[in-house]
Amino acid sequence: APWMAIMGPGIVSKDDILDSDRFPKAEWKAGFFRIETLYFGKDVSELAQNAAAGLNSLVNVFFHPDSKCVKFGNSAFDNNSKLKQIIIPDKVVTIGDYCFDSCHELSNVVIGKNVRGIGKLAFHDTLKLETINIPDSVVKLGSACFYREDEKEIYKLVKEGDNYIAKYENIESDKDRESYGGLRNVSGMKNVRDIGDSAFGGNHYLKTIHLGGKLIRIGRECFYNLQRLEEITLTYN
């Protein structure tokens, strides 16, 4: 059966996950990297830095429908190579730097309606994330927050026995590039005031960008290497 850890209440850190009822610290090597599902209870107030980073088997993350979580800390889900989807609770205000960096299989993200800022490199190299809606609450996109590296190979972790081995998959062919092409559709951004440097760089299949009337700053190389970009719409106030 899939391994599951249930979290709460208070601020959840890496130590809390390691010291949960199912995974005492003594079982760190045997159990930690086999966690496939995390459930964060109603009274979890914050995910600390690196709280659930590097969980190589993690596929599903769930929050209580009335979650009180207000912050995803820096690198909270960094480098979870098998994580496929995340629904960010509505009370979350901050998505920290590197929060979902290198979550290569992440394809479905719902950003809560009260998020104010998305940190730098927050969704960097989420290569299968094709659609994102930036809700009206968001006022700042951090540098390289949706940046996609123009790589010839993609890093993956492959299970061999009880261990995970680094493997590299070639993505030079057109078919592979299409599969890992990154964003194709960005909606919302109505109240975004500041778009950081390289925020959308390298998303080869993104064709249109619509920017809201509150925009003050577009960072350098914000749309770098968008090979199929056809239209940018600016809304003036």
Side-chain angles (χ1 to χ4, degrees), residues 49-50 53-54 72-86 88 94-111 115-135 138-157 168-172 174 176-189 192-212 215-234:
Q49 180 173 341
N50 296 313
F72 283 13
N74 294 347
S75 302
F77 294 96
D78 181 16
N79 204 28
N80 289 331
S81 58
K82 293 184 179 180
L83 181 63
K84 295 184 181 298
Q85 62 180 354
I86 183 82
I88 297 171
T94 302
I95 299 175
D97 299 345
Y98 307 96
C99 190
F100 297 97
D101 185 9
S102 298
C103 291
H104 299 315
E105 295 294 319
L106 188 62
S107 60
N108 182 30
V109 174
V110 177
I111 297 176
V115 169
R116 297 279 293 170
I118 299 176
K120 67 180 180 181
L121 292 151
F123 293 94
H124 167 251
D125 267 3
T126 51
L127 304 181
K128 289 194 174 181
L129 183 62
E130 297 184 2
T131 300
I132 192 74
N133 179 64
I134 309 297
V138 175
V139 297
K140 183 174 182 179
L141 301 180
S143 58
C145 59
F146 292 101
Y147 186 77
R148 179 205 180 281
E149 299 284 358
D150 187 21
E151 299 181 29
K152 292 184 177 181
E153 294 178 317
I154 181 66
Y155 169 86
K156 284 190 173 183
L157 289 169
Y168 291 86
E169 179 178 318
N170 192 298
I171 59 168
E172 284 189 311
D174 289 340
D176 288 337
R177 282 193 176 279
E178 186 171 355
S179 297
Y180 294 101
L183 290 171
R184 284 148 167 84
N185 179 53
V186 177
S187 59
M189 293 205 291
V192 172
R193 297 169 63 86
D194 187 327
I195 303 178
D197 300 346
S198 303
F200 293 101
N203 287 279
H204 304 314
Y205 289 86
L206 189 57
K207 291 186 177 182
T208 61
I209 293 280
H210 299 275
L211 305 174
L215 189 65
I216 294 173
R217 174 181 177 267
I218 299 175
R220 62 186 179 88
E221 298 186 342
C222 181
F223 307 117
Y224 170 74
N225 203 17
L226 268 63
Q227 298 174 2
R228 293 165 177 81
L229 186 64
E230 297 174 356
E231 180 181 283
I232 299 177
T233 302
L234 299 173

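- Here K128 pairs with E105 in a salt bridge; the nearest charged N to carboxylate O distance falls below 4.0 Å.
- Heavy atoms of other residues, nucleotides or ligands lying less than 6.0 angstrom from CZ of F223 number more than 12.
- Between the side chain of D101 and the backbone N or O of L121 there is no donor-acceptor pair closer than 3.5 Å.
- In this structure, the side chains of N225 and H204 come closer than 4.5 Å at one or more pairs of heavy atoms.
- Looking only at side-chain heavy atoms (C-beta outward), I195 and L211 come within less than 4.5 Å of each other.
- With hydrogens and angles ignored, the 3.5 Å screen pairs a side-chain donor or acceptor of N74 with a backbone N or O of D97.
- Environment of CZ in R193: sparse, with no more than 12 heavy atoms of neighbouring residues, nucleotides or ligands closer than 6.0 Å.
- When every heavy atom of A122 is checked against every heavy atom of G96, the shortest pair comes out as CB-O, 3.8 Å.
- For D194, the side-chain contact (heavy atoms from CB on, under 4.5 Å) criterion is met by K140, R217, not counting sequence neighbours.
- In this structure E221 satisfies the side-chain hydrogen bond (donor to acceptor under 3.5 Å, both in side chains) test with no other residue, sequence neighbours excluded.
- When atom types are taken as modelled, the side chain of D197 and the backbone of R220 share a donor-acceptor pair closer than 3.5 angstrom.
- Taking the side-chain contact (heavy atoms from CB on, under 4.5 Å) definition, one finds that T94 meets it with K71, sequence neighbours left out.
- Under the side-chain hydrogen bond (donor to acceptor under 3.5 Å, both in side chains) criterion, S187 pairs with N133, sequence neighbours left out.
- Minimum heavy-atom separation, G201 to L226: CA-CD1, 3.9 Å.
- For the pair I134 and I111, the minimum side-chain heavy-atom distance is below 4.5 Å.
- S102 contributes atom OG, which lies 6.0 Å from atom NE2 of H124 (distance to the nearest 0.5 angstrom).
- In terms of heavy atoms, G142 sits closest to A199 at O-CB, 4.1 Å.
- The CD1 atom of I218 sits 6.0 Å away from the CG atom of L234 when rounded to the nearest 0.5 Å.
- Two residues are said to be in side-chain contact when any heavy atoms from C-beta on lie closer than 4.5 Å; M189 and I209 meet this criterion.
- Atoms CG and CZ, from D78 and F100 in turn, are 10.5 Å apart once rounded to the nearest 0.5 Å.
- Distance check, rounded to the nearest 0.5 Å: OH of Y98 to CD of Q49 gives 10.5 Å.
- The CG atom of N185 sits 10.0 Å away from the CD1 atom of I132 when rounded to the nearest 0.5 Å.
- Within the 4.5 Å cutoff, the side chain of D125 has heavy atoms near those of the R148 side chain.
- Closest approach of A53 to S75, counting heavy atoms only: CB-O, 3.3 Å.
- Scanning all heavy atoms of the two residues, the minimum distance from G119 to C145 falls at O-CB, 3.5 Å.
- Between C99 and F72 the shortest heavy-atom distance is SG-CB, 3.8 Å.
- F146 pairs by the ring pair (Phe, Tyr, Trp, His ring centres under 6.0 Å) definition with F123, F200, not counting sequence neighbours.
- Judged as a side-chain contact (heavy atoms from CB on, under 4.5 Å), and not counting sequence neighbours, the contacts of E230 are K207.
- With values rounded to the nearest 0.5 angstrom, N203 atom CG is found 10.5 Å from E130 atom CD.
- At least one donor-acceptor pair closer than 3.5 Å links the side chain of N80 to the backbone N or O of G54.
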